[in-house]
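Hydrogens, waters and symmetry mates play no part in the numbers below; they use all other heavy atoms, side chains included.
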There are 2 protein chains.
Amino acid sequence: MPNSIQMTDDLFDQLRLELRRGCLVMAVLGQLRAEHYGYTLRLALTDLGLAIDEGTLYPLLRRLESQGLLVSEWREEAKRDKRFYRISAEGKRMLGLLCVEWENINKSLNKILQKG
Amino acid sequence: MPNSIQMTDDLFDQLRLELRRGCLVMAVLGQLRAEHYGYTLRLALTDLGLAIDEGTLYPLLRRLESQGLLVSEWREEAKRDKRFYRISAEGKRMLGLLCVEWENINKSLNKILQKG
DNA sequence: GGCACACACTGTGTGGGACACAGTAATATG
DNA sequence: CATATTACTGTGTCCCACACAGTGTGTGCC
């Protein structure tokens with residue numbers, strides 16, 4: 001039988017990712033109320049305790065832009081071309097809706113968990 | 001061009017589901033500190049504001065059991081065979097870890113969102 | 001001036017899992 | 001005896017995060 005603690009830890013990593021998945025969208029939208037490009041956005045999120053892989057963040061940004069929640073612009077800064085993102089009006093509306101939903105989920109979870 | 005509000009709403013549904021996805025595991029584990037079978041568990045979660053489709057809940061229960069976080073037992077009650085689930089020791093440990101992670105995510109999100 | 005390292009983004013493959021939809025079957029209810 | 005409720009199972013599809021692997025450009029150091 002494999003090591004039980006190790007199994008738990010692998011499983012925990014997986015569930016933790018699952019838990020963070022949906023929150024990343026909110027975090028990115030919230031952070032992009034101020035303009036950022038991918039790299040600094042990633043650093044900022046890491047700083048805030050929401051580390052995210054490059055291979056996850058960049059596709060996420062493109063996806064959110066294709067969904068109309070972000071707008072972007074190629075621009076040179078410090079002798080480098082960078083893609084600057086910021087939230088769109090649609091994105092702001094969506095972020096508001098998601099915040100409400102987030103609070104509801106929190107209330108539900110607290111109700112469930114405090115009983116134990 | 002399709003109706004913009006409708007698009008936002010469809011998109012919101014999708015993002016809302018994404019947001020709830022990871023939380024469902026916590027809700028189910030938390031709720032199953034008391035024994036339930038699928039149907040009443042689903043009713044209880046719906047009552048708490050975390051409605052979940054049958055086709056999502058039942059596979060989730062089987063998955064969590066296969067991961068060792070739940071234990072189950074076929075038993076007759078009210079002239080029906082039902083599969084009763086409850087949390088395992090491993091599941092309790094995992095739930096504790098997830099709660100900590102959940103709090104951390106909440107802190108991070110609050111930091112991001114309050115700034116606006 | 002060449003070498004390592006940080007910066008900034010792109011591309012592909014894979015696998016997990018929610019959901020829609022459909023089915024099975026037994027027990028109330030009228 | 002027909003319909004609704006209870007209770008669970010099965011299949012197919014689609015999305016998306018992640019791992020991994022590139023591509024190319026500054027900057028600092030010796």
Side-chain angles (χ1 to χ4, degrees), chain A residues 10-29 32 35-47 50-67 69-70 72-85 101 105, chain B residues 10-29 32 35-47 50-67 69-70 72-85 101 105:
Chain A
D10 288 348
L11 186 51
F12 173 61
D13 285 339
Q14 186 197 322
L15 293 173
R16 193 168 55 89
L17 287 176
E18 231 175 279
L19 194 58
R20 292 172 54 165
R21 195 164 299 186
C23 309
L24 282 178
V25 172
M26 287 182 70
V28 166
L29 288 178
L32 287 180
E35 197 180 60
H36 281 88
Y37 55 97
Y39 193 80
T40 52
L41 176 58
R42 187 171 170 241
L43 292 182
L45 290 175
T46 299
D47 230 42
L50 286 173
I52 179 172
D53 193 86
E54 282 183 308
T56 299
L57 179 59
Y58 288 113
L60 176 60
L61 289 172
R62 292 194 287 263
R63 174 193 142 206
L64 292 176
E65 184 175 19
S66 79
Q67 291 171 334
L69 304 181
L70 298 178
S72 77
E73 177 194 0
W74 269 107
R75 204 166 66 230
E76 192 182 307
E77 190 209 59
K79 298 185 185 170
R80 290 262 196 123
D81 276 341
K82 298 163 186 182
R83 184 168 290 281
F84 287 86
Y85 289 93
E101 185 62 21
I105 292 172
Chain B
D10 287 350
L11 186 51
F12 173 62
D13 284 342
Q14 186 197 319
L15 292 174
R16 194 169 54 91
L17 286 175
E18 230 175 280
L19 193 58
R20 292 171 57 164
R21 193 163 298 185
C23 310
L24 283 177
V25 171
M26 286 182 72
V28 166
L29 287 178
L32 288 180
E35 196 180 60
H36 281 87
Y37 56 97
Y39 192 80
T40 53
L41 176 58
R42 185 171 171 243
L43 292 182
L45 289 175
T46 298
D47 230 41
L50 287 172
I52 179 171
D53 193 86
E54 282 182 307
T56 299
L57 179 59
Y58 288 113
L60 176 59
L61 289 171
R62 291 194 288 264
R63 173 193 141 205
L64 292 176
E65 183 175 20
S66 79
Q67 292 171 332
L69 304 181
L70 298 178
S72 78
E73 178 194 2
W74 269 108
R75 204 166 67 229
E76 193 181 307
E77 188 210 61
K79 297 184 185 170
R80 289 261 197 124
D81 277 341
K82 297 163 187 182
R83 183 167 292 280
F84 288 86
Y85 288 93
E101 185 63 19
I105 291 172

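When side chains are defined from C-beta on, Tyr37(B) does not count as touching Trp74(B), because their heavy atoms never get closer than 4.5 Å. Between Leu69(B) and Leu11(A), the closest side-chain pair of non-hydrogen atoms falls below 4.5 Å. Contact check for Arg63(B) versus Val25(B): side-chain heavy atoms found under the 4.5 Å cut-off. Side-chain contact check for Leu19(B) versus Arg16(B): every heavy-atom pair is 4.5 Å or farther apart. Looking only at side-chain heavy atoms (C-beta outward), Leu24(A) and Leu57(A) stay at 4.5 Å or farther from each other.
Taking only side-chain atoms of Arg80(B), from C-beta outward, the nucleotide of dT9(D), dG24(D), dT27(C) with the closest atom is dT27(C). Closest approach to the Gln67(A) side chain among dA8(C), dT27(C), dC16(D) is made by dC16(D) (side chain taken as heavy atoms from C-beta onward). If you check dA28(C), dT25(D), dA7(D) against the side chain of Lys79(B), the one that comes closest is dA28(C). The side chain of Trp74(A) sits closest to dT10(C) out of dT10(C), dG17(C), dT9(D). Side chain of Tyr39(A), nearest nucleotide from dA18(C), dC9(C), dC16(D): dC9(C).
Nucleotides of DNA chain D nearest to Leu24(A) and Arg62(B) differ in position, and the one nearer the 5' end is that of Arg62(B). For the pair Asp81(A) and Leu15(A), both in contact range of DNA chain C, the more 5′-proximal nearest nucleotide belongs to Asp81(A). Mapping Glu18(A) and Thr40(A) onto DNA chain C by nearest heavy atom places Thr40(A) closer to the 5' end of the strand.
Put simply, the side chain of Arg21(B) never gets that close to the backbone of Glu18(A): no donor and acceptor are under 3.5 Å apart.
Remark: P of dA8(C) and OH of Tyr85(A) are 14 Å apart, rounded to the nearest angstrom. Regarding Leu64(B), its CG atom lies at a distance of 9 Å from the P atom of dG17(C), rounded to whole Å. Rounded to a whole Å, the CZ atom of Arg42(B) is 12 Å from the C1' atom of dC8(D). Distance, Tyr58(B) OH to dT9(D) C1': 10 Å, rounded to whole Å. Leu61(A) has its CG atom 14 Å from the P atom of dA8(C), to the nearest Å. Rounded to a whole Å, the CG atom of Leu60(B) is 13 Å from the C1' atom of dG16(C). Atom CG of Asp10(A) is separated from atom C1' of dC18(D) by 15 Å (rounded to the nearest Å). Whole-Å rounding puts the Leu11(A) CG to dG16(C) P distance at 13 Å.
Within the 4.0 Å cut-off from OP1 or OP2 of dC15(D), not a single side-chain nitrogen or oxygen of Arg21(A) is found. Phosphate contact (OP1/OP2 of dC19(C), side-chain N/O of Gln14(B), threshold under 4.0 Å): absent. Listed pair Arg83(B) / dA7(D) fails the phosphate criterion, with no side-chain N or O lying under 4.0 Å from OP1 or OP2. Under 4.0 angstrom from either OP1 or OP2 of dA8(C) there lies at least one side-chain N or O belonging to Tyr37(A).
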Give each protein N/O atom lying under 3.5 Å from an N/O atom of nucleotides 19-23 of chain D, with the pair distance.
none

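At a threshold of 4.0 angstrom between heavy atoms, the contacts of Arg20(A) with the nucleic acid are absent.
Contacts of Glu35(B) classified as salt bridge (charged side-chain N to carboxylate O under 4.0 Å, His left out), with partners at least two apart in sequence or in another chain: Arg75(B).
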**OP:** Under the side chain to side chain contact (heavy atoms under 4.5 Å, CB included) rule, what do Leu70(A) and Leu61(A) come out as? Steps first, then yes or no, please.
**Re:** CA-CA 8 Å; Leu70(A) 298 178; Leu61(A) 289 172; 3.8 Å; yes
